[in-house]
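Throughout, protein chains are lettered first and strands after them, A, B, ... in sequence-line order, and every chain is numbered starting at 1.
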Number of protein chains: 2
Amino acid sequence: MAIPSQKHDVFQAIADPTRRHLLQLLGDQEMPVTVISGHFPMSRTAVSKHLRILAEAGLVKERKVGRETRYRLEAEPLMELKRWLSYYERYWENKLNVLKRFVEQDDDAAELTFTPLEVVDPEK
Amino acid sequence: MAIPSQKHDVFQAIADPTRRHLLQLLGDQEMPVTVISGHFPMSRTAVSKHLRILAEAGLVKERKVGRETRYRLEAEPLMELKRWLSYYERYWENKLNVLKRFVEQDDDAAELTFTPLEVVDPEK
DNA sequence: ATTATATGAAACCATTTGGTTTCGTGTCAA
DNA sequence: TTGACACGAAACCAAATGGTTTCATATAAT
């Protein structure tokens, strides 16, 4: 699967609250643009542009049915986000460990243990 | 923990590649601004502004040491992202299930099974 | 054939964003 | 005390963003 060097990436796509709302809405069912835009306090055209950005990020697929265009969620690209996130999980897990140690009054651990795991690039 | 109604949220903060790079850099160690900005092809002031945005999202903490300001990663706010993401996991898991079924040539499943789980708001 | 509906494209606009340079201030070093 | 260093604030700028309205086109319905 070659990356199509899209203009908008997943991180940018989900940055906007309206677009996150769109994803939520389209999770449940495929919908044509007019119906979708009925859920938002803005013009149909504006919603349409948000849908385009989501489509460019691969988060949404469109299908032409007669004179309407129906959109549906495509969650797969969110895996990239999950992967990115997983890199940072150890940091807050470490934080929780520190807290746990504190609560347990483990006094002989004077300095905080820091788990230096493998050095990875969270972007790839 | 009351939400301090910050101007920049986590979704916005991580949308920018430079800021994601900053998080990566600051994961390993606390660093003063000048050292940090040495890793980026832009002015110290520009980096400083990115750091401010990250700080507003709670993703970074600053500490004054003499004449320098040192920054370090604070991963905890990423949990919000994880929570948001987890809502969508079932969608791509479902996708994988469909694929698996296809590979297994399970012909008597003519229509795709769609698991309608609980309706939750991924934003909260 | 004509009219109504669904949509995208285009032009436009205000605000935000990501960057710059310049300047002021606090702190360390000689 | 006099520089030099570390930094943020401010003013500024071009481009991107999120929205609008208007127009053109394809399809459906009468």
Enquirer: Among residues at least two apart in sequence or on other chains, which ones pass side-chain contact (heavy atoms from CB on, under 4.5 Å) with Lys49(A)?
Expert: none

Enquirer: By side-chain contact (heavy atoms from CB on, under 4.5 Å), which residues pair with Thr34(A), not counting sequence neighbours?
Expert: Arg44(A)

Enquirer: For a salt bridge (charged side-chain N to carboxylate O under 4.0 Å, His left out) check, start with the C-alpha distance between Glu80(A) and Lys82(A), then their side-chain angles and the critical distance, and finish with the verdict.
Expert: CA-CA 5 Å; Glu80(A) 183 192 349; Lys82(A) 187 188 174 63; over 6 Å; no

Enquirer: Under 4.0 Å between a side-chain N or O of Gln12(B) and OP1 or OP2 of dT16(C)?
Expert: no

Enquirer: Salt-bridged, Glu74(B) to Arg72(B), with N to O below 4.0 Å?
Expert: yes

Enquirer: In whole angstrom, give the distance that lies between atom CZ of Arg52(B) and atom P of dG18(C).
Expert: 15 Å

Enquirer: Considering only side-chain heavy atoms of Ile53(A), which listed nucleotide, dG18(D), dT17(D), dT7(C), is closest?
Expert: dG18(D)

Enquirer: Measure the shortest side-chain to side-chain distance between Arg52(B) and His50(B) over non-hydrogen atoms and say whether it is less than 4.5 angstrom.
Expert: no

Enquirer: Does the side chain of Leu73(B) come within less than 4.5 Å of Tyr88(A)'s, by heavy atoms?
Expert: yes

Enquirer: Quick check with a 6.0 Å cut-off and a 45 degree axis cone: is Arg63(A) positioned over the face of Tyr71(A)'s six-membered ring?
Expert: no

Enquirer: So which heavy atom on Met31(A) is nearest to which on Val35(A), and how close?
Expert: SD-CG1, 3.8 Å

Enquirer: Ignoring backbone atoms, establish whether Tyr71(B) has a side-chain N or O less than 4.0 Å from OP1 or OP2 of dA6(D).
Expert: no

Enquirer: Quick one, which residues of residues 60-70 of chain B touch DNA chain D with a heavy atom under 4.0 Å?
Expert: Arg67(B), Glu68(B), Thr69(B)

Enquirer: Could you check which residues of residues 15-23 of chain A get a heavy atom under 4.0 Å from DNA chain C? Sort them by number, please.
Expert: none

Enquirer: Asp9(B) CG to dT17(C) P: how many Å, rounded?
Expert: 10 Å

Enquirer: Just how far, in rounded Å, is C1' of dG8(D) from CG of Leu51(B)?
Expert: 12 Å

Enquirer: Let me know the distance between CZ of Phe11(A) and C1' of dT17(D), rounded to the nearest Å.
Expert: 20 Å

Enquirer: Measuring from atom NE2 of His21(B) to atom CG of Asp16(B), what distance do you get when rounded to the nearest 0.5 angstrom?
Expert: 12.0 Å

Enquirer: Please identify each residue that fulfils side-chain hydrogen bond (donor to acceptor under 3.5 Å, both in side chains) with Arg67(B), with sequence neighbours left out.
Expert: none

Enquirer: When you measure from the side-chain N and O atoms of His50(A) to the phosphate of dG19(D), is any distance below 4.0 Å, counting only OP1 and OP2?
Expert: yes

Enquirer: Does Arg70(B) use its side chain to pair, donor to acceptor, with the backbone of Val65(B) at less than 3.5 Å?
Expert: no

Enquirer: Kindly state which residues belonging to residues 40-49 of chain B come within less than 4.0 angstrom of DNA chain C, counting heavy atoms of the residue only, listed by number.
Expert: Met42(B), Ser43(B), Thr45(B), Ala46(B), Lys49(B)

Enquirer: Is any side-chain nitrogen or oxygen of Thr34(B) closer than 4.0 Å to OP1 or OP2 of dC7(D)?
Expert: yes

